[in-house]
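For reference, the structure is listed below as structure tokens.
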Amino acid sequence: MVLRRGRSGRRLTAVDLFSGCGGLTLGLKQAGFDVLGAVDNEPLSVVTYAANHPEVYLWEADIRELAVRSLKRALNLRKGELDLLAGCPPCQGFSSMRTLNGSRLIRDPRNDLLRDFTRFVLGLSPRAIMLENVPGLASNRRFDAFCARMTALGYVGTYGVLDAAEYGVPQRRRRLIYVAGHGYSIPLAARAKSRRTVRDAIGRLPRPGRSGDPLHDLPEQRAPHVRALIKRIPKDGGSRTDLPKTEQLRCHRRCHGFHDVYGRMAWHEHAPTITSGCFNPSKGRFLHPTQNRAITMREAALLQSFPRWYEFPTLQHKCAIALMIGNALPPEFVRRHANRIRRALATRPTHYSKGVRP
């Protein structure tokens with residue numbers, strides 16, 4: 001990959017906090033950033049990240065216990081040298097599912113990890129910031145306090161709650177994104193001129209089982225009565241609600257909500273939000289459009305806009321892999337906003353002369 005350079009000819013640099021399995025880092029790289037360092041404390045995500053981004057200095061650590069000075073020393077960074085600090089603090093405490101669409105107050109210690117993102121902004125003084133999270137954070141007092149603190153530090157922020165489907169990702173996924181430049185504003189990316197569909201993402205994959213891709217070939221186990229139900233659901237967007245009541249599972253006949261459960265994706269539409277339950281048809285509209293099965297883990301990753309070559313460990317239980325993929329940031333969504341940041345940085349003078357790396 002050819003790395004993009006700023007006006008000074010220096011490589012544009014980034015650090016990824018709460019890096020997960022690497023979706024944010026991949027999007028930053030695709031936009032031309034040289035990702036110097038990353039931090040995460042989930043062992044499987046760290047293994048996956050290291051397999052795909054071996055050149056990045058990776059901390060397997062609780063960010064609350066990582067000193068900014070340690071990161072600066074390891075990366076040979078001085079305050080003010082970093083171009084972009086990006087991250088997605090764990091967001092489960094702000095999730096609309098966990099809060100019942102805002103009706104329940106969730107006391108989750110992960111909600112306060114936004115303070116650690118702020119701590120790294122203070123210690124690094126990056127030229128630009130990108131923060132991504134669930135929409136629920138936008139109405140939380142912590143986000144108001146974060147925005148106020150960034151303004152006090154001289155950052156001019158812009159944020160919005162956007163659907164990743166409008167930015168080249170083949171799934172519906174609403175996310176909050178905040179971008180800011182030090183002393184100047186950075187616009188959010190423009191919406192894509194066309195949208196990608198389920199067929200665009202997974203339509204050309206071979207059938208799983210003997211494809212040669214271990215992630216695609218992970219076996220699926222279903223009870224006989226569940227397999228029989230899946231076969232009866234109409235192809236290409238059908239749902240269990242299309243079946244007569246007598247052919248539905250007893251638990252479904254009693255349930256009037258969650259209509260996407262045991263539903264098929266449609267070829268010409270976007271996928272639903274890929275979640276940690278995406279391998280289980282009882283968790284949503286996760287059945288393949290035409291084949292009588294749930295989507296595979298490779299298909300889930302492709303619907304998240306990961307490239308087909310991206311490595312995920314397959315010796316783990318499928319639940320662990322699905323959790324990692326479902327929690328990932330869609331790289332294409334990141335890439336489009338990171339491109340805007342790169343262009344903004346390229347027009348702004350730097351405040352130092354020493355390059356970060358030779």
Side-chain angles (χ1 to χ4, degrees), residues 4 6-8 10-19 24-25 27-28 31-39 63 66-69 71-72 75 77-91 94 111-135 137-162 175-190 329 333-352 356:
R4 309 294 179 123
R7 192 165 62 179
S8 65
R10 182 185 58 83
R11 293 183 295 184
L12 294 176
T13 57
V15 166
D16 180 355
L17 303 181
F18 315 99
S19 54
L24 175 56
T25 285
L28 294 177
F33 283 88
D34 186 3
V35 179
L36 304 180
V39 184
I63 197 169
L66 178 64
V68 180
R69 65 178 178 274
L71 183 143
K72 289 194 292 187
L75 300 181
L77 278 173
R78 292 182 299 177
K79 190 172 183 176
E81 284 186 334
L82 183 68
D83 291 308
L84 175 63
L85 181 66
C88 177
C91 54
F94 302 115
N111 293 352
D112 290 322
L113 290 174
L114 191 57
R115 295 177 181 174
D116 287 280
F117 189 91
T118 301
R119 178 168 61 88
F120 275 80
V121 173
L122 287 167
L124 291 170
S125 292
R127 298 173 65 208
I129 300 165
M130 178 165 65
L131 177 79
E132 198 267 2
N133 219 286
V134 295
L137 179 61
S139 58
N140 188 278
R141 59 178 175 79
R142 294 174 179 83
F143 185 63
D144 293 335
F146 169 79
C147 292
R149 190 66 183 279
M150 294 303 103
T151 299
L153 293 172
Y155 290 94
V156 183
T158 303
Y159 74 91
V161 174
L162 309 176
R175 304 298 291 181
L176 166 71
I177 185 164
Y178 169 96
V179 297
H182 193 262
Y184 58 97
S185 64
I186 301 174
L188 298 174
L329 301 186
F333 184 68
V334 173
R335 183 192 71 82
R336 289 174 182 267
H337 293 288
N339 265 333
R340 274 293 176 95
I341 296 171
R342 175 183 55 79
R343 290 197 294 268
L345 287 170
T347 65
R348 309 296 298 189
T350 59
H351 301 293
Y352 52 89
V356 174

Please tell me if the side chains of [X] and [Y] come closer than 4.5 Å, counting only heavy atoms from C-beta onward.
X    : Y    : result
P187 : R340 : yes
N133 : F143 : no
V134 : R175 : yes
L12  : L84  : no
F333 : L162 : yes
R127 : L345 : yes
L17  : D116 : no
F117 : I63  : no

For residues D34 and T13, is any side-chain donor paired with an opposing acceptor at under 3.5 Å?
-> no
Donor on one side chain, acceptor on other, R336 and N339, under 3.5 Å |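 Looking only at side-chain atoms, N339 and R336 do not form any donor-acceptor pair under 3.5 Å.
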Mind checking ring-ring contact (aromatic ring centres under 6.0 Å, His included) for Y178 and listing every partner two or more places apart, or none if nothing turns up?
->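 Y178 satisfies ring-ring contact (aromatic ring centres under 6.0 Å, His included) with F146 once adjacent residues are dropped.
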Determine, step by step, whether F120 and V39 satisfy the side chain to side chain contact (heavy atoms under 4.5 Å, CB included) criterion, reporting the C-alpha distance in whole Å, the side-chain angles of both residues, the deciding distance to 0.1 Å, and the verdict.
-> CA-CA 12 Å; F120 275 80; V39 184; 5.6 Å; no
Search all heavy atoms of [X] against all heavy atoms of [Y] and return the closest pair with its distance.
X    : Y    : value
I177 : M130 : CD1-SD, 3.8 Å
A338 : L28  : CB-CD2, 3.8 Å
F18  : C88  : CB-O, 3.2 Å

side-chain hydrogen bond (donor to acceptor under 3.5 Å, both in side chains) partners of S19, counting only residues at least two apart =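 Per chain and number, S19 pairs via side-chain hydrogen bond (donor to acceptor under 3.5 Å, both in side chains) with no residue.
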Partners of R149 by side-chain hydrogen bond (donor to acceptor under 3.5 Å, both in side chains), sequence neighbours excluded?
-> none
Validation: residues 150-157 side-chain donor-acceptor distances under 3.5 Å, sequence neighbours left out:
unit_1 : atom_1 : unit_2 : atom_2 : d
T151   : OG1    : C147   : O      : 3.0
Y155   : OH     : P126   : O      : 2.6

Does D144 pair with R141 as a salt bridge, N-O distance under 4.0 Å?
-> no
Rounded to the nearest 0.5 angstrom, the CG-CG distance for L124 and D83 is 11.5 Å
Could you list the residues that satisfy side chain to side chain contact (heavy atoms under 4.5 Å, CB included) with A344, not counting sequence neighbours?
->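 In terms of side chain to side chain contact (heavy atoms under 4.5 Å, CB included), with neighbours along the sequence ignored, A344 is linked to Y184, I186.
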Tell me, please, which residues at least two apart from R69 pass side chain to side chain contact (heavy atoms under 4.5 Å, CB included).
->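 Testing R69 for side chain to side chain contact (heavy atoms under 4.5 Å, CB included), a comparison that skips the adjacent residues, returns A67, R73.
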